[in-house]
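If you read the sequence from its start, that first residue is 1, and numbering goes on from there. Below, all heavy atoms of this structure are taken into account, side chains as well, without hydrogens, waters or symmetry copies.
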Amino acid sequence: MDLVKHTGGCHCGAVRFEVWSSPDILVFDCSCSICTKKQNRHFIVPKSSLKILQGLSNLTTYTFNSHTAKHTFCKTCGVQSFYSPRSNPDGYGVAPHCLDPGTIRSVTVEKFDGEKWEETMQAKKHIKDLSKPVQTCPP
């Protein structure tokens, strides 16, 4: 799989990151309560694929219900550029709209019925694999 380095950040620029991923991204459009309120569309990568370049101390975290998902966001502007999803606590869900332009070749959107989370995860077993490293990311 081709990997490219995408860079991105929050609205105010306090948080910046890089993420190694395919230029063709699979974005999940989840209907759970928080994703609906935030319009959280994201693609999933292994934890080792994302590096915070600046602003770690400017991130804060919100959790609820099972407290498995870690919803991180910038303390200054409130934007969530990435988070640790419940489906893949060993990875990150990255907001494609927070990436700098120029490195995405295509986007495929897949609906995820977050109101029926357990049933949907059972039906979409491929999601768990998205946070598993397939190769070492470039330095």
Side-chain angles (χ1 to χ4, degrees):
M1 166 176 25
D2 310 354
L3 294 179
V4 299
K5 180 170 70 170
H6 304 282
T7 57
C10 66
H11 183 257
C12 71
V15 176
R16 295 288 301 162
F17 65 93
E18 68 182 30
V19 61
W20 287 89
S21 174
S22 171
D24 304 301
I25 57 175
L26 172 60
V27 172
F28 293 98
D29 183 8
C30 181
S31 65
C32 77
S33 61
I34 194 163
C35 287
T36 297
K37 295 278 186 183
K38 292 191 302 184
Q39 294 294 292
N40 179 29
R41 291 172 186 89
H42 58 277
F43 63 100
I44 297 172
V45 299
K47 278 209 191 268
S48 62
S49 296
L50 187 136
K51 179 180 177 185
I52 299 170
L53 302 174
Q54 72 179 41
L56 182 61
S57 64
N58 214 53
L59 290 173
T60 192
T61 303
Y62 171 71
T63 66
F64 69 102
N65 196 12
S66 70
H67 301 285
T68 305
K70 308 294 184 219
H71 298 274
T72 52
F73 57 95
C74 174
K75 292 178 191 178
T76 305
C77 66
V79 168
Q80 175 183 283
S81 301
F82 54 87
Y83 78 111
S84 297
R86 178 180 174 194
S87 63
N88 299 75
D90 59 342
Y92 285 109
V94 181
H97 48 274
C98 289
L99 298 179
D100 299 332
T103 55
I104 296 176
R105 181 170 50 205
S106 69
V107 175
T108 302
V109 177
E110 185 174 314
K111 296 282 186 185
F112 183 92
D113 187 354
E115 293 175 353
K116 298 177 184 167
W117 195 91
E118 287 79 9
E119 292 170 32
T120 304
M121 282 301 295
Q122 191 66 17
K124 296 180 179 269
K125 294 181 189 277
H126 67 283
I127 292 174
K128 286 279 188 197
D129 295 333
L130 296 173
S131 55
K132 305 295 183 234
V134 287
Q135 76 178 51
T136 304
C137 296

_Shortest non-hydrogen separation from Cys98 to Val79 and the atoms involved_ = SG-CG1, 3.7 Å
*Do Leu56 and Phe17 sit in the same hydrophobic cluster, where Ile, Leu, Val, Met, Phe, Trp and Tyr count as joined when their side-chain heavy atoms come under 4.5 Å apart?*
yes
*Using atom types as modelled and distance alone, determine if a side-chain donor or acceptor of Thr36 lies under 3.5 Å from a backbone N or O of Ser31.*
yes
*Donor-acceptor pair, Thr72 side chain versus Phe82 backbone, under 3.5 Å?*
yes
_Distance, nearest 0.5 Å, that separates CD of Glu110 from CZ of Phe43_ = 15.0 Å
*Kindly work out whether a path of hydrophobic side-chain contacts (I/L/V/M/F/W/Y, heavy atoms less than 4.5 Å apart) joins Val45 to Val109.*
yes
*asked:* Whether the side chain of Arg16 engages the backbone of Gly8 through a donor-acceptor N/O pair (distance < 3.5 Å, no angle test) should be reported.
replied: yes
_Show, in sequence, the C-alpha distance, side-chain angles and deciding distance for Thr63 and Lys70, and conclude whether the side-chain contact (heavy atoms from CB on, under 4.5 Å) test is met._
CA-CA 6 Å; Thr63 66; Lys70 308 294 184 219; 3.7 Å; yes
*Please confirm whether Lys38 makes a cation-pi placement over Phe73, using NZ or CZ under 6.0 Å from the six-membered ring centre and within 45° of the ring normal.*
no
*Tell me, with the steps shown, if Val94 and Ser21 meet side-chain contact (heavy atoms from CB on, under 4.5 Å).*
CA-CA 10 Å; Val94 181; Ser21 174; over 6 Å; no
_Transitive ILVMFWY side-chain link Val107 to Leu99, under 4.5 Å_ = yes
*Side-chain donor-acceptor contact under 3.5 Å, His97 with Gln39*: no
*Connected via hydrophobic side-chain network under 4.5 Å: Met121 and Leu130*: yes
*For Lys132, does its backbone N or O pair with a side-chain atom of Asp90 as donor and acceptor, under 3.5 Å?*
no
_For a quick test of reading the model, state the closest non-hydrogen atom pair linking Cys35 to Cys30 and the distance between them._
CB-O, 3.5 Å
_Can you classify the ring geometry of Phe112 versus Phe28 as parallel (below 30°), tilted (30 to 60°) or perpendicular (above 60°)?_
perpendicular
*Any side-chain heavy-atom pair from Ile52 and Leu59 closer than 4.5 angstrom?*
yes
*Are there more than 12 heavy atoms of other residues, nucleotides or ligands under 6.0 Å from atom NE2 of His11?*
no
*Closest non-hydrogen atom pair, Ile104 against Pro96*: CD1-O, 4.3 Å
_Working to the nearest 0.5 angstrom, can you tell me the gap between Thr103 OG1 and Lys5 NZ?_
10.5 Å
*Distance-only, no hydrogens or angles: does the Lys51 side chain make a donor-acceptor pair with backbone N or O of Ser48 under 3.5 Å?*
no
*Considering non-hydrogen atoms only, spot the tightest contact between Ala95 and Gln80 and give its length.*
CB-O, 3.9 Å
*To the nearest 0.5 Å, tell me how far Asn40 CG sits from Ile34 CD1.*
8.0 Å
*How close do Cys10 and Ser81 get, heavy atom to heavy atom, and via which atoms?*
N-OG, 3.4 Å
*Taking atom CG of Asp24 and atom CG of Asp2, what is their separation to the nearest 0.5 Å?*
7.5 Å
*When rounded to the nearest 0.5 angstrom, what is the spacing between CG in Asn88 and OH in Tyr83?*
8.5 Å
*What are the two closest heavy atoms between Val15 and Gly55, and how far apart are they?*
CG2-O, 3.8 Å
*Under 6.0 Å from the NZ atom of Lys111, do we count more than 12 heavy atoms belonging to anything else shown?*
no
*Please answer whether the main-chain N or O of Tyr92 pairs with a side-chain N or O of Lys47 as donor and acceptor at a distance below 3.5 Å.*
no
_Are there over 12 heavy-atom neighbours, none belonging to Lys116, within less than 6.0 Å of that residue's NZ?_
no
_Nearest 0.5 angstrom please: Leu26 CG to His42 NE2, how far?_
9.5 Å
